[in-house]
Amino acid sequence: MYEIFCDSLQEGMWFKNLHNCFSNANFVVIPNSKREQARLGIDQVLIYDRPDIILKHNGRIILVLERTVEVPSGHNVGQRFGRLVAAAKQRIPVVYFGPYAAYKHGGNTAGPRYMNLRLFYSLQNVSEIFNTAITTINWPVDRNYEVLKTPQKDIRMRQYMDLFLGYYTQYGMNGLTEYIKNSQFQEEQIIEQRVFAENEIRNPEQYDYPPESVEILTVRQFERAYHPLPDCLSNAVERIVAYNIGMNYIRSDPYAGMSALYYYLYCDNRTAQILLFPNILMAEWDELGRNTKTYRMFKEFGDAILFQDGLLLRDEL
């Protein structure tokens, strides 16, 4: 029996109509209660945030999907990144379905906006680290970069579900990750990423380097520029990824997701990420609820946080 857990019934109905295997699937809107999430067996993919779709079969999570029409520029891509990572950590196949380019309406900033290519690069690292299949599927747009709302938008999603369920119904989860990763469909999506970067992005090479908010420094450079580090950290790493989060009050979106994205993009076992909170006091952090997404993600993806009035290591947060 298939079960479709959804963030909203509208998204659940959309997903159900992608394949006839789901004709008798049960719908469940993802509950807010942590206890109920655990009882339903979906809590492990909700550790950072709620994805749009969680697919279970016979009590086991087999797929997580994130669907968005949001303009994919700048920091916006980070808002959903944690949802993808949570599933990848469980070696559950993941799909990100959203436009690589879309028109932003309103005021002086109206116009086409383009995917932050660092999302692709970081997801590739996540896929390799956790040995799972992560597939990005481009939500099609018209010649004016308006996202399509017609059934045409779902053509490749249906192709993916045919690929996924065609294998799964015969062989189950055994070998599914490798099957998807090595499929022609997956290769086509990767090629589309490259073609998009070459044809749509002005100066795609800019994404080969960190953004202005991120510096990659030696330990000595970091200490000279920002703050001394305790020996337990400075002796353990060679480099520091310093992510400057200029928020004036503690909030998660989009910074928590971007901290995860930069963590998997730039860090390794000799590189630590330190989050810079120049406008936040340690006392403000102490007031933050320990069960919140904001707390969990900043602690998970920051080896330390440098506040306005001092530095705390992850174990001290």
Side-chain angles (χ1 to χ4, degrees), residues 11 49 51-52 65-85 88 94-128 134-150 152-157 159-160 185-216 241 243-247 252-266 301:
E11 290 167 339
D49 206 352
D52 291 315
L65 180 142
E66 187 64 24
R67 169 183 184 258
T68 179
V69 294
E70 188 177 65
V71 177
S73 59
H75 277 62
N76 287 343
V77 295
Q79 295 185 22
R80 301 169 186 275
F81 192 81
R83 308 170 194 181
L84 311 178
V85 171
V94 177
V95 173
Y96 176 92
F97 179 42
Y100 293 176
Y103 195 91
K104 181 181 185 296
H105 293 271
N108 296 327
T109 62
R113 295 293 181 270
Y114 302 93
M115 174 66 80
N116 181 338
L117 299 183
R118 296 184 187 92
L119 175 71
F120 297 150
Y121 305 154
S122 192
L123 285 178
Q124 178 61 37
N125 288 349
V126 171
S127 175
E128 293 174 1
I134 299 178
T135 305
T136 64
I137 298 176
N138 187 13
W139 188 312
V141 297
D142 65 19
R143 66 178 63 184
N144 297 314
Y145 292 96
E146 299 287 355
V147 294
L148 296 186
K149 300 295 181 67
T150 62
Q152 180 185 352
K153 74 181 190 304
D154 296 328
I155 290 175
R156 274 187 284 180
M157 273 303 314
Q159 291 173 347
Y160 176 88
F185 181 90
Q186 185 83 345
E187 179 62 24
E188 289 170 355
Q189 308 320 301
I190 294 171
I191 291 172
E192 181 169 9
Q193 291 179 12
R194 295 173 185 158
V195 172
F196 167 78
E198 292 170 0
N199 296 339
E200 296 281 355
I201 300 295
R202 185 180 302 170
N203 184 25
E205 292 78 14
Q206 66 183 294
Y207 293 101
D208 295 337
Y209 306 96
E212 291 183 1
S213 58
V214 174
E215 296 177 275
I216 300 179
V241 174
Y243 174 28
N244 194 332
I245 300 175
M247 59 188 174
S252 74
D253 290 335
Y255 304 112
M258 291 307 294
S259 69
L261 189 152
Y262 295 144
Y263 183 86
Y264 288 110
L265 183 56
Y266 298 125
F301 299 111

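- Between Gln124 and Glu128, the side chains place a donor N or O and an acceptor N or O closer than 3.5 Å (distance only, hydrogens not considered).
- Listed for the Asn144 side chain is no donor-acceptor partner under 3.5 Å among the backbone atoms of Glu146.
- Using a 4.5 Å heavy-atom cutoff, the side chains of Arg156 and Gln189 are in contact.
- The existence of a salt bridge linking Arg67 and Asp52 is excluded, since no basic side-chain nitrogen approaches an acidic carboxylate oxygen closer than 4.0 Å.
- Side-chain contact between Arg80 and Thr68 is present, with heavy atoms from C-beta onward closer than 4.5 Å.
- Distance check: Tyr121 OH to Tyr266 OH gives 10.0 Å after rounding to the nearest 0.5 Å.
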Side chain to side chain contact (heavy atoms under 4.5 Å, CB included) between Phe120 and Tyr207, worked out: CA-CA 10 Å; Phe120 297 150; Tyr207 293 101; over 6 Å; no
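- Here the rule is side-chain contact (heavy atoms from CB on, under 4.5 Å) with Tyr96, and of Leu119, Asn138, Leu65 only Leu119 fits it.
- With values rounded to the nearest 0.5 angstrom, Gln152 atom CD is found 5.0 Å from Thr150 atom OG1.
- Rounding to the nearest 0.5 Å places CD of Glu188 at 7.5 Å from CD of Gln159.
- Of the possible donor and acceptor atoms, one in the side chain of Trp139 sits under 3.5 Å from a partner among the backbone N and O of Leu148.
- In this structure a side-chain-to-backbone donor-acceptor pair under 3.5 Å is present from Gln206 to Asn203.
- Two residues are said to be in side-chain contact when any heavy atoms from C-beta on lie closer than 4.5 Å; Glu66 and Val95 fail this criterion.
- Ring-plane geometry between Tyr262 and Tyr243 is classed as perpendicular, the angle between the planes exceeding 60 degrees on a 0 to 90 degree scale with a lower cut at 30.
- Closest approach of Pro99 to Met115, counting heavy atoms only: O-CE, 4.0 Å.
- Here the side chains of Tyr160 and Ile137 are in contact, with some heavy-atom distance below 4.5 Å.
- A donor-acceptor pair under 3.5 Å links the side-chain atoms of Gln186 to the main chain of Ile134, judged by distance alone.
- In this structure, Phe97 and Met157 have side chains that are in contact, with non-hydrogen atoms separated by less than 4.5 Å.
- By the 4.5 Å heavy-atom criterion applied to side chains, Leu84 and Val126 are not counted as neighbours.
- The two residues Leu117 and Ala197 come nearest to each other via the heavy atoms CD1-CB, 3.7 Å.
- Using a 3.5 Å distance cut-off with no hydrogens or angles, the side chains of Tyr145 and Glu200 do pair a donor with an acceptor.
- The CZ atom of Arg118 sits 7.5 Å away from the CG atom of Leu265 when rounded to the nearest 0.5 Å.
- Ring centers of Tyr264 and Phe301: under 6.0 Å apart, within the cut-off.
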Residue pair Val214, Asn244: steps toward the side chain to side chain contact (heavy atoms under 4.5 Å, CB included) verdict: CA-CA 6 Å; Val214 174; Asn244 194 332; over 6 Å; no
Side chain to side chain contact (heavy atoms under 4.5 Å, CB included) evaluation trace for Val147 with Tyr103: CA-CA 8 Å; Val147 294; Tyr103 195 91; over 6 Å; no
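- Side-chain contact check for Tyr100 and Thr136: at least one donor-acceptor pair (N or O, by modelled atom type) lies under 3.5 Å.
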Test side chain to side chain contact (heavy atoms under 4.5 Å, CB included) applied to Met258 and Phe81, step by step: CA-CA 7 Å; Met258 291 307 294; Phe81 192 81; over 6 Å; no
